[in-house]
A.B. asks: 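I'd like to ask you about the structure that follows.
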Amino acid sequence: MLVTIGVVYGDIGTSPMYVTKALLAGQGGIMSITEEFVLGALSLVIWTVTLLTTVKYVLVSLKADNHGEGGIFALYSIVRRYGKWLIIPAMLGGSALLADGVLTPAVTITTGVEGLRTIPETHALIGDNQMNVVIITLVIVCVLFLVQRAGTSKIGRAFGPIMLGWFLFLGITGLLFTFTNPKVLLAINPLYGIQFLFSSHNHAGIMILGSCFLATTGAEALYSDMGHVGRGNIYATWPFVKVCLILSYLGQGAWLLANAGNTGLAGIEDLNPFFQMLPDFVRPFSVVFSVLAAIIASQALITGAFSLVSEASRLDLMPHMQIFYPAETKGQLYIPMVNYVMWAGCVIVVLLFQSSAHMESAYGLAITITMLSTTTLLFVYLHKVRKLKLFPWIFLAFFIALEGFFFGSSLTKFFHGGYFTILLASLIMGVMLCWYAGTAVERRQATLLPVRNYLKQLERLRDDTTYDLVSDNLVYLTNDTNTDYLDRDILYSILDKHPKRARAWWFVNVEVTDDPHTYAYSVESFGTDYVFRVHLYLGYKVNQRVNAYLRQVVTDLSASGELPPQTHEYSVYKKPGPIGSFKFCMLRKTLAQESDVDSKERTAIALKYAIRSVAGSPARWYGLENSSVLVEYVPLFIKFTSMSKLVRVSPNDRP
């Protein structure tokens with residue numbers, strides 16, 4: 001539960017730092033504060049958190065898990081058999097959430113650092129020059145992304161006590177100010193929020209919902225992080241977290257009522273009630289606490305992004321990337337490529353927007369798209385998987401209408417920074433679309449051939465000394481788990497594309513098990529001593545160093561006599577061992593110019609292969625960086641365009 005508080009609630013837990021500030025700015029500042037505004041705005045915030053986070057995500061979404069994993073891609077994997085069109089909301093929601101994950105570290109850490117200006121001593125050091133805030137923020141961001149390799153379990157243990165203290169701080173300070181004006185408790189009544197939303201005293205109009213929505217931006221990350229901590233821990237900790245959040249909002253509301261029209265505060269730029277309401281001796285403590293909480297808020301989105309990309313890779317929406325499991329539970333993972341991309345994106349956001357006020361305009365717009373997409377997929381889950389009749393329709397109508405209002409409100413921020421989020425989400429969506437479309441073209445040509453039909457040819461090739469020996473052992477890594485069949489491309493590489501003679505051919509598949517420390521293998525030799533189909537079963541905590549594990553397999557087979565001795569004349573050892581040399585062949589597919597595909601398909605394949613080229617080297621994924629590796633390009637077997645027949649003419653004639 002402590003790890004849950006440290007890993008899951010960082011994003012939503014820092015919302016009191018900027019939600020009331022954004023609401024105050026939209027109303028016109030401290031001089032425009034009225035009781036109607038305070039009660040109405042607080043009511044909208046409280047019920048936004050209740051309906052979207054508690055009802056939709058905690059009570060409904062957490063039950064839609066895929067073997068313990070949460071998030072929009074896990075949800076899509078459950079319902080995808082009910083319609084091909086469901087891939088669209090899955091891609092939209094996933095790309096928007098990843099884009100929002102880039103913004104979260106920037107906006108939360110910048111807000112926390114800006115709190116330094118509320119302390120006279122630190123204000124004297126950094127002054128009003130925003131570039132000082134930017135530099136401090138960038139240093140913190142860089143440290144945050146550097147420590148990701150340590151794993152969320154270790155980070156969670158370190159952050160858990162801090163976040164527990166943070167929520168207690170929010171709850172206690174909020175409760176103390178609520179006691180000064182208990183009237184703010186009336187904000188729990190939703191009628192105050194509804195009346196104020198359509199009141200002429202609401203200076204922001206429908207745009208106020210965009211600021212209220214910031215209070216629940218961490219809800220989608222909460223669902224994505226379910227695989228890291230488990231559903232039960234979220235159920236157990238959310239009531240405590242929610243009470244602390246609401247008390248903080250009520251306390252800030254009480255402070256606003258007490259300081260309405262305060263001319264001494266009117267001159268403060270970007271007035272933030274969260275910091276200003278605290279006594280001077282508490283404020284330094286709160287600023288340090290808020291910066292630490294902001295770092296943890298960023299952690300929630302980063303770990304959620306790792307889970308999302310991992311799920312997307314399994315669904316063939318993104319390229320396979322190198323994944324590490326640095327902690328003791330399967331859900332906790334680290335993807336270096338994703339970490340570096342998010343790191344670069346976050347740095348760009350900080351340099352581009354510089355102040356939290358500018359970032360808030362971009363923040364939240366993308367997440368409304370994710371929430372609308374999740375609602376659509378949850379409707380299918382409730383209706384088709386859970387077989388409920390009436391409730392799914394009520395759920396769909398209510399949350400599409402509610403989130404539609406939030407989306408319309410957030411859309412008004414498009415030209416004030418929201419464009420950046422949409423642009424970033426569009427880029428990620430483009431990567432998914434290209435990969436998905438390219439994979440669809442590839443699947444049209446995928447053919448599995450029975451291994452036994454080619455054993456005689458392979459035996460003749462082994463004994464055919466007219467061909468040079470490529471290696472004693474030639475190894476191909478395969479994706480399919482079918483023991484008796486192989487991808488046509490592999491057999492084409494061995495037999496057709498300059499026959500590759502070897503003493504033994506090895507076709508190896510790696511399967512990751514749910515147990516963290518599995519070390520097992522199976523071998524099918526098809527009654528031969530030169531063709532071996534190997535399945536390596538490795539736990540998710542085990543580094544996939546295929547070279548080392550295959551050596552163990554080969555040693556076992558050599559000792560049992562299933563693999564004949566592979567004698568060789570030259571060696572650094574006085575008595576050479578019975579096992580010869582190894583070469584690993586990695587196949588890369590290419591699209592020929594003559595292939596009969598339209599321009600869209602050709603573009604999709606070209607873009608997929610371009611993405612693949614920057615996603616990392618498969619040789620490194622499987623620990624082959626120090627092995628002899630042959631990278632071979634094979635044609636993508638699809639229909640070729642008909643070519644005009646050439647007519648032969650004599651050497652002295654010209655057509």
Side-chain angles (χ1 to χ4, degrees), residues 10-11 14 71-73 91-113 133-149 217-218 220-221 224 294-310 312-313 317-319 321-322 333-356 358-370 410 413-414 416-435 610-611 614-616:
D11 192 11
T14 53
I72 193 165
F73 289 133
M91 285 183 175
L92 273 174
S95 57
L97 184 57
L98 287 171
D100 199 68
V102 173
L103 279 166
T104 295
V107 68
T108 53
I109 294 174
T110 303
T111 303
V113 173
V133 172
V134 169
I135 293 170
I136 297 171
T137 301
L138 288 177
V139 170
I140 295 172
V141 165
C142 291
V143 172
L144 173 66
F145 282 99
L146 276 172
V147 301
Q148 289 305 309
R149 198 178 189 88
T217 50
E220 190 73 39
S224 298
I295 293 171
I296 297 165
S298 308
Q299 182 64 47
L301 262 293
I302 294 169
T303 54
F306 292 156
S307 297
L308 277 172
V309 172
S310 175
S313 297
L317 300 179
M318 279 189 170
M321 285 175 272
Q322 189 174 27
L333 44 85
Y334 168 71
I335 307 176
M337 177 64 69
V338 177
N339 193 55
Y340 298 145
V341 170
M342 292 185 70
W343 188 351
C346 187
V347 168
I348 291 171
V349 170
V350 173
L351 293 175
L352 180 64
F353 292 102
Q354 298 197 355
S355 73
S356 62
H358 294 150
M359 294 176 194
E360 286 161 11
S361 298
Y363 195 44
L365 176 57
I367 209 69
T368 57
I369 299 173
T370 303
S410 299
K413 301 178 180 179
F414 182 83
H416 299 283
Y419 67 88
F420 182 84
T421 317
I422 298 299
L423 176 63
L424 191 58
S426 299
L427 288 173
I428 299 170
M429 178 80 170
V431 170
M432 291 187 191
L433 284 171
C434 292
W435 194 265
I611 294 166
V614 299

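What you see is a predicted model, and the numbers here were worked out from it, not measured in a lab.
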A.B. asks: Taking it one step at a time, do Trp343 and Leu146 satisfy side-chain contact (heavy atoms from CB on, under 4.5 Å)?
C.D. replies: CA-CA 9 Å; Trp343 188 351; Leu146 276 172; 3.6 Å; yes

A.B. asks: What distance do Leu351 atom CG and Thr137 atom OG1 have between them, rounded to the nearest 0.5 Å?
C.D. replies: 10.0 Å

A.B. asks: Can you give me the closest heavy-atom contact between Ala99 and Thr421, atom names plus distance?
C.D. replies: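 Result for this residue pair: CB-O, 4.0 Å.
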
A.B. asks: Can you give me the closest heavy-atom contact between Leu98 and Met432, atom names plus distance?
C.D. replies: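 Heavy-atom minimum between the residues: CD1-CE, 4.3 Å.
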
A.B. asks: How long is the gap from CD1 on Ile367 to CG on Leu97, to the nearest 0.5 Å?
C.D. replies: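 Here the rounded value is 4.5 Å.
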
A.B. asks: For the residue pair Ala96 and Ala425, what are the closest heavy atoms and their distance?
C.D. replies: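 For Ala96 versus Ala425, the nearest heavy atoms are CA-CB, 3.9 Å.
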
A.B. asks: Checking Thr14 side chain against Thr108 main chain: does a donor-acceptor pair fall under 3.5 Å?
C.D. replies: no

A.B. asks: Compare every heavy atom of Asn339 with every heavy atom of Phe145, then report the nearest pair and how far apart it is.
C.D. replies: O-ND2, 3.0 Å

A.B. asks: Going from CG on Leu103 to SG on Cys346, what distance comes out if it is rounded to the nearest 0.5 angstrom?
C.D. replies: 8.5 Å

A.B. asks: Quick one, Phe353 with Phe420, criterion side-chain contact (heavy atoms from CB on, under 4.5 Å). Give me CA distance, side-chain angles, the key distance, then yes/no.
C.D. replies: CA-CA 10 Å; Phe353 292 102; Phe420 182 84; 3.7 Å; yes

A.B. asks: Any idea which heavy atoms bring Ala106 and Val349 closest together, and the distance?
C.D. replies: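 Scanning both residues completely, I find the closest heavy atoms to be CB-CG1, 3.5 Å.
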
A.B. asks: Is a donor on one side and an acceptor on the other found under 3.5 Å between the side chain of Ser95 and the backbone of Leu92?
C.D. replies: yes

A.B. asks: Report the C-alpha separation of Val134 and Val113 in whole Å, then their side-chain angles, then the decisive distance to 0.1 Å, and conclude whether the side-chain contact (heavy atoms from CB on, under 4.5 Å) test is met.
C.D. replies: CA-CA 9 Å; Val134 169; Val113 173; over 6 Å; no

A.B. asks: side-chain contact (heavy atoms from CB on, under 4.5 Å) for Leu317 and Phe73? Distances and angles first, verdict last.
C.D. replies: CA-CA 10 Å; Leu317 300 179; Phe73 289 133; 3.7 Å; yes

A.B. asks: Taking only residues two or more places apart in sequence, or in another chain, which ones meet Leu433 in a side-chain contact (heavy atoms from CB on, under 4.5 Å)?
C.D. replies: Met91, Met429

A.B. asks: With sequence neighbours excluded, what pairs up with Leu427 under the side-chain contact (heavy atoms from CB on, under 4.5 Å) test?
C.D. replies: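 None.
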
A.B. asks: Looking at every heavy atom in both Ile72 and Gly93, which two are closest together, and how far apart are they?
C.D. replies: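 In this case the closest contact between Ile72 and Gly93 is CD1-CA, 3.5 Å.
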
